Amino acid sequence: MRDVVAQMHRWWGQGEPFARATVVATWHSSPLPPGTSMLVGPDGAAIGSVSGGCVEGAVYELAQEVTDSGTPVLERYGVSDDDAFAVGLTCGGIIDVYVERVDPEGFPELGEVATAVAAGEPVAEVICVAVDGPDPKGRLGRRLVVRPEGTSGTLGSGRLDAAIAEDARGLLAGGRTETLRYGYDGTRMDEELTLFVSVHATPPRMLVFGAVDFAAAMARIGAYLGYHVTVCDARPVFATARRFPDAHEVVTDWPHRYLRTEAEAGRIDERTVVCVLTHDPKFDVPLLDVALRLPLAYVGAMGSRRTHDDRLRRLRTTGLGEEALARLASPIGLDLGARTPEETAVSIAAEIIADRGGGSGARLTSLSGSIHGRRRMRPAAGD
């Protein structure tokens, strides 16, 4: 997403119009999530994807038409029902794609968005992608840029701007992109306007405790998955940037003290994952006592089943209840038959992804039904 915004900013700076096609809603086995974009540049170059190749040709042609006309279009692509869908998705999913022309006149706030994204600062772009009924005030295509401390642009009504800004900040805090519906004046009970909230949030954090070989592999795969990776260890001889070149930060501190400090400073949120790789009780137990009391996305700890049982016994003496202990992924990772640090890192990453997406970790060949069925947004207006 950052690369797409950077390319938009370059073309925008040249003053030439181009098109952006954005997935705003998905159903069933759609291959890519809402917020995914494809650009069609002034020279006809295509960057990005909306379906992994299923409907890119049709979207490309539509993008060129929208660039010429300047009129945004919300198009549905899905299974081969000629009355309802424009183009068939080979995967059987359904996607709504919003295609718009982008230029400095129509999107003067793009420079602000690009600057925030490049700096890793949270920002949300709210676009009116559909109007259910008359649109005398020209709401379709209007946008509002929302940051934690302010807004720019307008959706055409002060009350509407205030209502969506409040909700967009909630989505920013959680790092979630969503489609929302409002009345013309911002009433949440009405649904005349369909607004797509595209969130550019700071990367989620991965905290890896224990400066060991497994941590180096974990930092590498965590960075690849888009996490801001911190490796922390109390031993300065091991906690060095040279040993962990893929980590964004390498911190020398007692693990439990560092985690508590980060939480108290507000730098930990519900997207944060914690991987405890030290398997040393003097580090593990105080750290897990802190971690399991925080609203984290994932807490995993390395060690044998004997180590796990001993760890649970020690944690119970700290006052942690069974509900908190049940959140602990230990032994850490999925059963992949991993042996090397790199394979173990894949195992841990797979468990984190499965936890986040609600997956079972089972082989897809042994399952039936939708592959990407959990990637669903509310339908667009008129459905």
Side-chain angles (χ1 to χ4, degrees), residues 2 119-120 175 201-304 307-308 311 315 327-334 336 338-356:
R2 181 174 296 187
T202 53
R205 297 190 66 184
M206 174 180 286
L207 306 182
V208 182
F209 294 98
V212 296
D213 289 346
F214 293 99
M218 200 66 230
R220 192 174 309 121
I221 198 168
Y224 176 75
L225 292 174
Y227 287 94
H228 181 93
V229 181
T230 301
V231 174
C232 176
D233 196 293
R235 302 164 296 177
V237 68
F238 296 116
T240 65
R242 185 174 181 177
R243 296 191 68 224
F244 302 98
D246 297 296
H248 298 92
E249 298 173 294
V250 180
V251 175
T252 302
D253 199 351
W254 279 82
H256 72 284
R257 183 169 61 193
Y258 175 74
L259 181 58
R260 182 181 292 118
T261 299
E262 292 298 286
E264 291 173 351
R267 292 188 288 267
I268 299 296
D269 62 28
E270 62 186 11
R271 301 174 299 151
T272 302
V273 303
V274 168
C275 302
V276 182
L277 309 183
T278 48
H279 50 91
D280 182 334
K282 72 175 178 290
F283 294 121
D284 294 359
V285 174
L287 170 59
L288 290 171
D289 183 41
V290 175
L292 292 172
R293 298 177 192 274
L294 296 173
L296 303 174
Y298 173 88
V299 181
M302 181 173 281
S304 66
T307 298
H308 171 66
R311 189 184 283 140
L315 287 170
R327 294 176 50 220
L328 176 60
S330 174
I332 197 170
L334 297 183
L336 304 184
R339 294 289 183 268
T340 67
E342 290 74 18
E343 291 173 348
T344 301
V346 170
S347 165
I348 297 169
E351 183 173 47
I352 292 170
I353 293 168
D355 253 27
R356 184 180 64 199

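Here the structure is a predicted model, which is why all the values come from computation and not from measurement.
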Evaluation steps, side-chain contact (heavy atoms from CB on, under 4.5 Å), between L225 and M206: CA-CA 10 Å; L225 292 174; M206 174 180 286; 5.5 Å; no
Beyond-backbone contact of V346 with I221, side-chain heavy atoms, under 4.5 angstrom: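 V346 reaches I221 side chain to side chain.
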L296 side chain near R327 side chain, heavy-atom distance below 4.5 Å: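 When only atoms from C-beta onward are counted, R327 and L296 do touch, with a gap below 4.5 Å.
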Working to the nearest 0.5 Å, report the span between [atom1] of [X] and [atom2] of [Y].
{"X": "L259", "Y": "R293", "atom1": "CG", "atom2": "CZ", "value": "12.5 Å"}
{"X": "T278", "Y": "F283", "atom1": "OG1", "atom2": "CZ", "value": "7.0 Å"}
{"X": "I332", "Y": "F214", "atom1": "CD1", "atom2": "CZ", "value": "11.0 Å"}
{"X": "L294", "Y": "E270", "atom1": "CG", "atom2": "CD", "value": "12.5 Å"}

Identified side-chain contact (heavy atoms from CB on, under 4.5 Å) partner of Y298 from the options I352, T272, I353: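 Filter result, single survivor: I352.
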Residue pair R243, D213: steps toward the side-chain contact (heavy atoms from CB on, under 4.5 Å) verdict: CA-CA 9 Å; R243 296 191 68 224; D213 289 346; 4.0 Å; yes
H228 and H248 aromatic ring geometry - parallel, tilted or perpendicular at 30°/60° bounds: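 If you compare the ring of H248 with that of H228, the planes turn out parallel.
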Residues that D246 engages under side-chain hydrogen bond (donor to acceptor under 3.5 Å, both in side chains), provided they are two or more places apart: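 Result, side-chain hydrogen bond (donor to acceptor under 3.5 Å, both in side chains) vs D246: R220.
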With R267 via side-chain hydrogen bond (donor to acceptor under 3.5 Å, both in side chains) - residues at least two apart: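 Here the qualifying residues are E262.
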Short side-chain to backbone donor-acceptor contact, T230 and L207, under 3.5 Å: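 Checked: no pair found.
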Expected output: side-chain R356 to main-chain A297 donor-acceptor under 3.5 Å: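 Flag not set: sc R356 to bb A297 has no pair under 3.5 Å.
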Criterion side-chain contact (heavy atoms from CB on, under 4.5 Å) on L315 and V285, from CA distance to verdict: CA-CA 6 Å; L315 287 170; V285 174; 4.0 Å; yes
Might you point out which heavy atoms bring [X] and [Y] nearest each other, and give the distance in Å?
{"X": "P281", "Y": "P286", "value": "O-CD, 3.6 Å"}
{"X": "T344", "Y": "A338", "value": "N-CB, 3.6 Å"}
{"X": "P255", "Y": "F209", "value": "CB-CD2, 3.5 Å"}
{"X": "V231", "Y": "A219", "value": "CG2-CB, 4.3 Å"}
{"X": "A291", "Y": "V299", "value": "CB-CG1, 4.1 Å"}
{"X": "F244", "Y": "V212", "value": "CE2-O, 3.6 Å"}

With sequence neighbours excluded, residues passing side-chain contact (heavy atoms from CB on, under 4.5 Å) with H279: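 Testing H279 for side-chain contact (heavy atoms from CB on, under 4.5 Å), a comparison that skips the adjacent residues, returns D284, M302, R311.
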Flag for T307-S304: side-chain donor and acceptor within less than 3.5 Å: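 Yes, a side-chain donor-acceptor pair sits under 3.5 Å.
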Stepwise side-chain contact (heavy atoms from CB on, under 4.5 Å) check, L277 with I348: CA-CA 11 Å; L277 309 183; I348 297 169; 4.3 Å; yes
